Amino acid sequence: MNNPASTVPINEAIIEQTLSRLAHPDAKQIHDVLAKALEMKGLDLSDVAVLSSISDPELMGELFAAARKVKEQIYGQRLVMFAPLYISNLCANECLYCAFRARNQEVHRRALSQEEIAEETRIIVNQGHKRVLVVAGESYPREGFSYVLKAIETVYSVHEGRGEIRRANVNVAPLTMDEFKLLKDAKIGTYQIFQETYHRATYKAVHLSGKKADYDWRVSAPDRAMQSGIDDVGIGVLFGLFDWRFELLALMQHIQHLESKFGVGPHTVSMPRLEPATGSDMASHPPKPVSDVDFRKLVAIIRLAVPYTGIIMSTRETPNLRRETFALGVSQISAGSRTNPGGYADGEKNDWSQFSLGDHRSLDEAVRDVAQLGYIPSFCTSCYRVGRTGKDFMDVAKPGDIKYHCDPNALSTFLEYLLDYASPATRETGEKLIRDTLLNMNPLQRSVSESLIEKVRSGNRDVFC
Ligand code: SAM
Ligand code: SF4
């Protein structure tokens with residue numbers, strides 16, 4: 001079948017049985033799972049259920065310590081930076097939590113013209129970004145889906161000063177296989193789609209009308225994307241709609257399904273939490289709110305469960321919470337974001353935005369903060385550009401070899417940022433971090449890094465290994 005609907009085995013009965021069977025694990029069970037996690041080969045459904053039941057502060061400390069260790073081993077100090085680019089807030093769906101829902105009269109509707117998309121891209125490039133996430137509601141202007149394809153072409157066509165967008169990821173509604181093939185031909189990076197909730201009854205209750213009301217069409221979108229040749233697919237849950245433990249186990253089932261069917265799981269997992277949104281009572285009063293403590297726990301468990309899958313944290317969260325989750329497993333963050341179409345040119349406007357932000361800082365401030373904490377803000381896009389995607393990426397990543405690419409590339413792209421866009425204070429912080437990082441590298445990594453850095457200092461851009 002060209003466009004299979006659901007063959008994704010999200011089994012609610014198994015999830016509920018597993019959670020109730022392992023609701024009160026003893027310390028030995030928890031220690032066994034943590035020991036397994038440190039082998040960095042991932043965890044299964046029962047393991048994840050055990051970790052999700054930890055409440056003892058000491059054991060929680062051990063969970064966080066294990067997550068920190070795995071994060072450090074695989075991702076080192078790197079944090080990949082990106083900016084969302086909202087091209088349109090037109091939408092035909094009625095998702096009760098979202099400001100863009102069709103019946104919401106409190107939001108101004110706008111689909112950017114290609115010239116406006118180019119202008120937004122210029123502003124984002126001038127901030128220093130190299131990656132964007134193109135986002136749209138599920139209704140396109142007259143030209144239909146080709147509006148999104150044109151937008152991607154526009155984004156890649158912008159060359160401004162010494163920069164350009166080198167990887168455009170996309171978060172749009174589920175597509176047919178033919179449409180996914182067009183998206184692949186447009187040279188997107190990751191196709192991202194969040195199931196929002198894996199719990200069918202909740203899904204039905206919060207998606208009242210429009211195409212998105214079809215759970216199966218949405219849950220099978222990653223399958224269609226991968227079958228159409230898109231190697232890097234990102235999935236996620238909108239936390240706050242249903243019990244987070246259930247969602248976590250369902251996410252694991254989805255990941256296992258993709259791994260067994262395609263030999264590779266998702267490239268990234270996103271973990272948005274419900275934020276207030278204009279015209280949505282549900283967004284201000286999440287049915288199943290996730291506390292900050294549980295949210296940290298979630299990051300740590302996902303890090304241990306799928307060690308090689310990127311975890312994305314957006315500016316929905318406050319700077320403080322974002323900082324804490326870097327150590328626990330987050331590998332990509334957005335910064336300097338706007339969630340209203342035209343927001344980079346016009347500023348943040350809540351009556352245009354999808355939801356309100358927790359972090360309002362500029363990219364420069366976020367970069368300085370991250371660097372002061374000892375993390376290297378990475379603007380690297382090299383894997384995707386040399387074809388290290390999907391299974392090829394995982395094959396390099398799994399034995400830990402990716403460090404030999406990522407660390408030098410992170411440093412050279414960070415230096416590009418510092419030389420071309422940073423404020424003096426950020427440049428000073430960043431240059432010190434680069435010196436300290438080089439000192440702590442092994443000789444091979446250092447020599448590769450130094451040679452890239454030398455090229456950037458002498459005026460080359462977009463150099464990578
Ligand atoms: N319209 C497409 C769709 O729904 O798949 C793609 C873009 S949608 C604008 C991106 C994501 O924003 C949604 O998948 C949802 O998880 C998230 N979102 C919607 N309302 C939100 C809210 N109030 N707080 C946080 N995230 C929200
Ligand atoms: Fe539309 Fe996506 Fe918002 Fe739902 S989440 S109302 S589909 S933009």
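What you see is a predicted model; the values in this text were computed from it and never measured. Ligands are counted one by one from 1 in listed order, and the atoms in each one are counted from 1 as well.
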Checklist entry - Which of the listed options, Met282, Glu138, Arg218, holds the heavy atom that is closest to atom 5 (O) of ligand 1? => result Arg218

Checklist entry - Heavy atom under 4.0 Å from ligand 1: found in Asn171's side chain, backbone, both, or neither? => result both

Next on the checklist: Applying salt bridge (charged side-chain N to carboxylate O under 4.0 Å, His left out), can you list everything that pairs with Lys71, at least two apart in sequence or on another chain?
Outcome noted: none

Item to check | Polar contact flag for Pro272 and ligand 1 (N/O pairs, less than 3.5 Å) | outcome: no

Checklist entry - With respect to atom 14 (O) of ligand 1, which of Gln192, Glu275, Glu196 exhibits the smallest heavy-atom separation? => result Glu196

Item to check | Which residue and heavy atom of the protein sit nearest atom 2 (Fe) of ligand 2, plus the separation | outcome: Lys212 NZ, 3.9 Å

Item to check | Counterpart residues, side chain to side chain contact (heavy atoms under 4.5 Å, CB included), relative to Ala49 (two or more places apart) | outcome: Thr18, Leu19, Leu22, Leu249

Item to check | For Glu317, salt bridge (charged side-chain N to carboxylate O under 4.0 Å, His left out) partners two or more places apart | outcome: Arg273

Checklist entry - Of all the atoms in ligand 1, which lie at a distance below 4.0 Å from a heavy atom belonging to Tyr97? => result 19 (C), 20 (N), 22 (C), 23 (N)

Checklist entry - Which of the atoms of ligand 1 are close to Val135, meaning less than 4.0 Å from one of its heavy atoms? => result 7 (C), 9 (C)

Checklist entry - Does any N or O atom in Tyr86 lie less than 3.5 angstrom from one in ligand 1, N or O only? => result no

Checklist entry - Which N, O or S atoms belonging to the protein are less than 2.8 Å from atom 3 (Fe) of ligand 2? => result Cys98 SG

Next on the checklist: Less than 6.0 angstrom from the centroid, inside 45 degrees of the normal: does Arg200 satisfy that with respect to the ring of Tyr215?
Outcome noted: yes

Item to check | Test: Glu120 and Arg110 ion pair at under 4.0 Å | outcome: no

Checklist entry - When you check the gap from the basic side-chain N to the acidic O, do Arg218 and Glu196 get nearer than 4.0 Å? => result yes

Next on the checklist: Under 4.0 Å between a side-chain nitrogen and a carboxylate oxygen: does that hold for Asp462 and Arg385?
Outcome noted: yes

Item to check | Option among Gln332, Arg131, Arg167, His267 that satisfies the side-chain hydrogen bond (donor to acceptor under 3.5 Å, both in side chains) test with Thr190 | outcome: Arg167

Checklist entry - Can Tyr191 and Arg224 be counted as having a side-chain donor-acceptor contact under 3.5 angstrom? => result no

Checklist entry - Can you list the atoms of ligand 1 that are under 4.0 Å from a heavy atom of Ala136? => result 1 (N), 2 (C), 6 (C), 7 (C)

Checklist entry - Below 4.0 angstrom, N of the basic side chain to O of the carboxylate: do Lys130 and Glu164 qualify? => result no

Item to check | Ionic contact status for Lys69 with Glu72, cut-off 4.0 Å | outcome: no

Item to check | Close-contact set for ligand 1 against Arg273 heavy atoms, below 4.0 Å | outcome: 24 (N), 25 (C)

Checklist outcome for this item: ligand 1 atoms nearer than 4.0 angstrom to some heavy atom of Ala283 are 23 (N)

